[in-house]
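I have placed the structure first, in the form of structure tokens, so that the comments after it can refer back to it.
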Amino acid sequence: MSSEEVFPVENGKVNPSEERPRGILFIISSPSGGGKGTLIRRALKTVPGLGYSVSWTTRQPRPREVEGVNYHFTSAEEFGRMRAEGEFLEWAVVHGNLYGTARRAVEREIAAGRDIVLEIDVQGAAAVRQTLQNAVSIFILPPSFETLRERLLDRRTEMLDTVALRLRNARYEMECSRDFDYLVLNDKVERAAAQLSAIVYAERARRERQEGLMRRVLATFPLT
Ligand code: 5GP
């Protein structure tokens, strides 16, 4: 029996929360300092049924970053082993460190019908789009280069040469935004966060994702 065949119809009514067999994968990218972290945290708080995939990285933790919450921090050796064993859905070298998305965790969540956010760079986004054509990609646009520079310098968690490297890579990352489904301008956090949540809700409502629901509702109608 497929998962689409097990949706309950109680008292002639369909429970819509039972109607989406597979979760949606949301890919969110931006240049470093684009503010995607803040927007994603807001969306996770306000949108029910949205989860986050914690990536693996060989980068050193920043102050206040927590293992298993922000990242799974790991060694280059362990990362290499995971990569060799096919444990990553995608992986990339970003600003000189290795980052990867654990395949099993994402597949488990999606199969359970939960929507998942991947906060990954533009190379990872391209790789996931290749393997999972249904993934929805969103690019967070900083209002200007100057804003990006100020945000990165304000963080004070990075060495100046790291900031310079991230700013050098930002132009190329911005150009990759043309391959994304959505662009969200992060000028005002409130507005941008609302737009991000709206995209999640709109994607959930797409007809092709609701065919199971439609069939079930239709089945409650008498044949004429
Ligand atoms: P940061 O070091 O600032 O946390 O992240 C640097 C860049 O790596 C960001 O663009 C972030 O989105 C990206 N990144 C984080 N996790 C992953 C991942 O699992 N895969 C890829 N490809 N990029 C990632």
Side-chain angles (χ1 to χ4, degrees), residues 25-41 43-44 51-76 78-83 86-110 116-132 135-142 145 148-177 179-180 182-184 186 192 196:
L25 200 58
F26 290 96
I27 303 166
I28 305 190
S29 302
S30 78
S32 204
K36 61 184 176 306
T38 309
L39 298 184
I40 291 171
R41 275 194 298 280
L44 292 173
Y52 181 78
S53 158
V54 178
S55 293
W56 292 75
T57 185
T58 60
R59 159 165 88 57
Q60 289 300 308
R62 295 182 188 131
R64 291 190 296 283
E65 279 187 328
V66 178
E67 161 62 34
V69 175
N70 303 94
Y71 283 103
H72 298 291
F73 295 98
T74 190
S75 63
E78 175 62 5
F79 195 100
R81 185 202 60 75
M82 291 177 72
R83 194 172 63 196
E87 291 186 26
F88 291 124
L89 176 62
E90 62 74 37
W91 65 272
V93 180
V94 191
H95 314 313
N97 292 300
L98 288 160
Y99 295 83
T101 305
R103 180 191 302 279
R104 204 173 319 140
V106 170
E107 282 176 356
R108 189 187 55 227
E109 295 297 295
I110 295 289
I116 293 293
V117 170
L118 302 186
E119 183 180 349
I120 61 179
D121 88 310
V122 293
Q123 308 166 72
V128 174
R129 265 195 299 262
Q130 285 262 315
T131 22
L132 301 166
V136 176
S137 56
I138 305 167
F139 193 91
I140 309 294
L141 274 182
F145 178 77
L148 198 65
R149 202 175 76 90
E150 280 166 17
R151 283 193 195 144
L152 272 179
L153 289 172
D154 278 356
R155 265 193 202 167
R156 291 174 205 282
T157 51
E158 259 120 352
M159 307 294 286
L160 280 181
D161 55 345
T162 309
V163 171
L165 173 68
R166 287 174 178 238
L167 287 174
R168 270 201 307 281
N169 293 339
R171 168 85 201 203
Y172 169 73
E173 292 172 322
M174 290 289 290
E175 283 168 3
C176 294
S177 67
D179 299 323
F180 283 67
Y182 294 94
L183 295 183
V184 172
N186 190 12
L196 185 58

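Please read these numbers as outputs of a predicted model, since none were measured by experiment. Remember, it's 1-based here, ligands and their atoms both numbered in the order they're listed. Quick note: residue numbers are just sequence positions, from 1.
Looking at heavy atoms from C-beta onward, P61 lies out of side-chain contact with N70 at the 4.5 angstrom threshold. The shortest side-chain heavy-atom distance between H95 and N169 falls under the 4.5 Å cut-off. For the pair F145/L167, a side-chain contact is recorded, criterion being any heavy-atom separation below 4.5 Å from C-beta on. Looking only at side-chain heavy atoms (C-beta outward), F139 and M174 come within less than 4.5 Å of each other. The shortest side-chain heavy-atom distance between E87 and R81 falls under the 4.5 Å cut-off. With a 4.5 Å cut-off on side-chain heavy atoms, E109 and S53 do not count as touching. The closest side-chain heavy-atom distance from F73 to E65 is below 4.5 Å. Two residues are said to be in side-chain contact when any heavy atoms from C-beta on lie closer than 4.5 Å; Y99 and R59 meet this criterion.
The closest non-hydrogen atom to atom 4 (O) of ligand 1, taken over Y71, Y99, W56, comes from Y71.
Close contacts between ligand 1 and R62 involve ligand atoms 1 (P), 2 (O), 3 (O), 4 (O) [criterion: under 4.0 Å to a heavy atom]. The atoms of ligand 1 that sit less than 4.0 Å from any heavy atom of A92 are 22 (N). Close approach to E119 involves these atoms of ligand 1, each under 4.0 Å from a residue heavy atom: 12 (O), 14 (N), 15 (C), 16 (N), 17 (C), 24 (C). Near G124, the atoms of ligand 1 lying under 4.0 angstrom from a non-hydrogen atom of the residue are 22 (N). Ligand 1 places these atoms under 4.0 Å from at least one heavy atom of R59: 1 (P), 2 (O), 4 (O).
Contacts of K36 with ligand 1, taken as heavy-atom pairs under 4.0 Å, involve the side chain alone. At a 4.0 Å heavy-atom cut-off, ligand 1 does not touch Q60 at all. Of the heavy atoms in E173, none comes closer than 4.0 Å to ligand 1. When heavy-atom distances to ligand 1 are checked against a 4.0 Å cut-off, E65 has no atom that comes that close, whether in backbone or side chain. At a heavy-atom cutoff of 4.0 Å, ligand 1 is contacted by the side chain of V94 but not by its backbone.
For the side chain to side chain contact (heavy atoms under 4.5 Å, CB included) with I40, the lone residue among L118, I140, I138, I28 that qualifies is I28.
Not a single N or O atom of H95, backbone or side chain, sits closer than 3.5 Å to an N or O atom of ligand 1.
For atom 22 (N) of ligand 1, the closest heavy atom belonging to the protein is D121 OD1, 2.7 Å. At the shortest separation from atom 19 (O) of ligand 1 among protein heavy atoms lies S55 OG, 2.6 Å.
Within the structure, the closest approach of E90 to ligand 1 falls below 4.0 Å when heavy atoms are considered.
Geometrically, R129 engages F180 in a cation-pi contact, judged by NZ or CZ lying under 6.0 Å from the ring centre and within 45° of the ring axis.
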